[in-house]
Peer 1: 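I am attaching a structure below and will ask some questions about it afterwards.
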2 protein chains.
Amino acid sequence: MPQTPTDQPPTELTPAQLEAYFAFTEVSSLLRHAVEKQLRDAGDLSYVQFQLLARLGDAPGGWRRMTDLADGVVYSRSGLTYQAQLLEQRGLVTRSPSPDDERSTVVALTDEGRAVLATVFPGHIDALRRLLFSTLSSDDVDDLARILGGAASHLRANPPRSAAPRRRAPRA
Amino acid sequence: MPQTPTDQPPTELTPAQLEAYFAFTEVSSLLRHAVEKQLRDAGDLSYVQFQLLARLGDAPGGWRRMTDLADGVVYSRSGLTYQAQLLEQRGLVTRSPSPDDERSTVVALTDEGRAVLATVFPGHIDALRRLLFSTLSSDDVDDLARILGGAASHLRANPPRSAAPRRRAPRA
DNA sequence: GGTTATTGCTTCGAGTTCGAAGCACTCAAG
DNA sequence: CTTGAGTGCTTCGAACTCGAAGCAATAACC
């Protein structure tokens, strides 16, 4: 194990870091594709739609505000509007203005939405176990949770600088 | 509701598994968004485009077949055709039929493509270090590489059953 | 109270993604 | 040689995604 002479960051990653990064991206892609296929077959849901339903199912009262939903799944506002429309058309959620704040829209799970979620969920869990957790020891899972949990916090704290502070539009 | 008597898989995940999974998806989303922003700012490249250039830069001779490129980045063939067109229009790659096999197209990095790659690469590495590796110990990195490497192999070995064997279209 | 930000969501346009279908070439079998 | 299967890539259409711009409601300030 070579000593790192000083702390100054080199322009390269260590082999282990590269390996970890490639493995991460590969698992990310493959797992996502596999899960999407399973969800499409089981309940004709996209991954995003499933995540939204799952988050609603998890919420007390079965409803959330649009923005909270979007933040929860790391998703654009406009994209969420689109998906929420689709889910509403299928009768899986309702959308209504919040009584608190007329600006915000509250998305709520319908009975049918809850039913679909209940139908799809076990298959999703099975897929996860089969694809991901079947090869992982209990310690591995703990390690993953600890390491990635820390990384997630760090990433949340360092947002990708949400667009440069743009100058205001010129008045007429 | 009875206790879980044996090892047979329950329909739920353990809290640690859930935690690991959520952390994984969150890191995946956040890291992807952040890296995409960095690449767009630095060289007006999408993540996919960067991955393609990087893979070409890594290849002996600086060229690869379309299919090998697509498999390498877990990407659809048609999507690759689209992105390869964009890269070709920008003069970063060339496409030409393989002398070996007239069917296959060989994508090769141009000098300009290599230059762009050299420009963008350090920033990419820096971003990775800043966003991901700055919080990880050397042991963490080793653990990640080991655990996710194993998971990746397993996923590669269990492809999402490439579409059900659909019946062939009726002849005329 | 009245003006000026800020917030929450939607609409819009442009760009990207995928799978299915199609085309061209190669290989195997007769 | 001829047929048929298989492979490699592209084209096509439909769906999805995002950011910018727009609208309405709330909050902040004097």
Side-chain angles (χ1 to χ4, degrees), chain A residues 29 32-34 36-37 39-41 44-52 64-71 73-90 95-107 160-171, chain B residues 29 32-34 36-37 39-41 44-52 64-71 73-90 93 95-107 160-172:
Chain A
S29 286
R32 170 117 190 192
H33 283 297
E36 267 179 350
K37 166 142 190 54
L39 290 172
R40 177 125 6 233
D41 292 349
D44 198 33
L45 293 174
S46 71
Y47 191 32
V48 174
Q49 288 171 342
F50 171 75
Q51 284 182 305
L52 296 178
R64 283 186 196 273
R65 301 187 320 146
M66 292 283 280
T67 290
D68 297 334
L69 270 180
D71 289 346
V73 298
V74 190
Y75 203 62
S76 75
R77 307 299 145 94
S78 48
L80 176 58
T81 295
Y82 176 72
Q83 290 294 350
Q85 277 174 349
L86 294 187
L87 289 175
E88 189 179 33
Q89 283 164 15
R90 284 177 59 178
R95 290 193 297 168
S96 48
S98 164
D100 278 4
D101 185 338
E102 284 289 330
R103 287 170 300 182
S104 60
T105 299
V106 162
V107 184
R161 86 182 22 245
S162 56
R166 55 195 182 71
R167 76 183 62 250
R168 82 186 46 228
R171 300 287 197 81
Chain B
S29 287
R32 169 117 194 193
H33 283 297
E36 267 181 348
K37 166 141 189 56
L39 290 172
R40 183 141 340 252
D41 293 349
D44 198 31
L45 293 174
S46 71
Y47 192 31
V48 175
Q49 288 172 342
F50 171 75
Q51 284 182 304
L52 296 177
R64 283 185 196 275
R65 301 186 322 147
M66 291 283 280
T67 290
D68 297 334
L69 269 181
D71 289 347
V73 299
V74 191
Y75 203 63
S76 75
R77 308 299 147 98
S78 48
L80 175 57
T81 295
Y82 177 74
Q83 291 293 348
Q85 278 174 350
L86 294 187
L87 289 175
E88 189 178 34
Q89 284 165 14
R90 284 177 58 177
V93 305
R95 289 192 297 168
S96 47
S98 165
D100 278 3
D101 185 337
E102 285 288 331
R103 288 171 299 181
S104 60
T105 299
V106 163
V107 184
R161 81 175 32 238
S162 55
R166 52 194 188 71
R167 76 185 62 254
R168 82 184 46 228
R171 300 285 196 80

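Below, chain A is the first sequence line, B the second, and so on; all start at residue 1. Just so you know, these numbers use all the heavy atoms, side chains as well, and skip hydrogens, waters and symmetry mates.
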Peer 1: Tell me: CD of B/Glu102 to P of C/dC23, nearest whole Å?
Peer 2: 19 Å
Peer 1: Return the set of residues passing side-chain contact (heavy atoms from CB on, under 4.5 Å) with A/Ser46 (not counting sequence neighbours), or none when no residue passes.
Peer 2: A/Arg40, A/Val48, A/Gln49, A/Gln83
Peer 1: For the residue pair B/Arg95 and B/Thr105, what are the closest heavy atoms and their distance?
Peer 2: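 Heavy-atom minimum between the residues: CB-CG2, 3.9 Å.
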Peer 1: Could you tell me how far apart A/Arg64 (CZ) and C/dC9 (P) are, to the nearest whole angstrom?
Peer 2: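 Answer to the nearest Å: 13 Å.
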Peer 1: With the side chain counted from C-beta on, respond yes when A/Leu80 and A/Leu52 share a heavy-atom pair under 4.5 Å apart, and no when they do not.
Peer 2: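 Yes, their side chains come closer than 4.5 Å.
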Peer 1: So which atom in B/Val107 and which in B/Met66 form the shortest heavy-atom distance, rounded to 0.1 Å?
Peer 2: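 Result for this residue pair: CG2-SD, 3.4 Å.
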Peer 1: Send over the distance from B/Tyr47 OH to D/dC18 P, rounded to a whole Å.
Peer 2: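 Interatomic distance, OH of B/Tyr47 to P of D/dC18: 16 Å.
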Peer 1: List the protein contact pattern of nucleotides 7-16 of chain D with one symbol per nucleotide (5' to 3'): B for base contact, S for sugar-phosphate-only contact, - for none; contact means a heavy-atom distance under 4.0 Å.
Peer 2: BSSBB---SS
Peer 1: Between CZ of B/Phe50 and CG of B/Leu87, what distance do you get to the nearest 0.5 Å?
Peer 2: 12.5 Å
Peer 1: For the pair B/Arg64 and B/Asp71, find out whether any cationic side-chain nitrogen is under 4.0 Å from an anionic carboxylate oxygen.
Peer 2: no
Peer 1: Assign each of B/Gly79 and B/Pro99 to its nearest nucleotide of DNA chain C by heavy atoms, then name whichever residue's nucleotide is nearer the 5' end.
Peer 2: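 Nearest-nucleotide comparison on DNA chain C picks B/Gly79.
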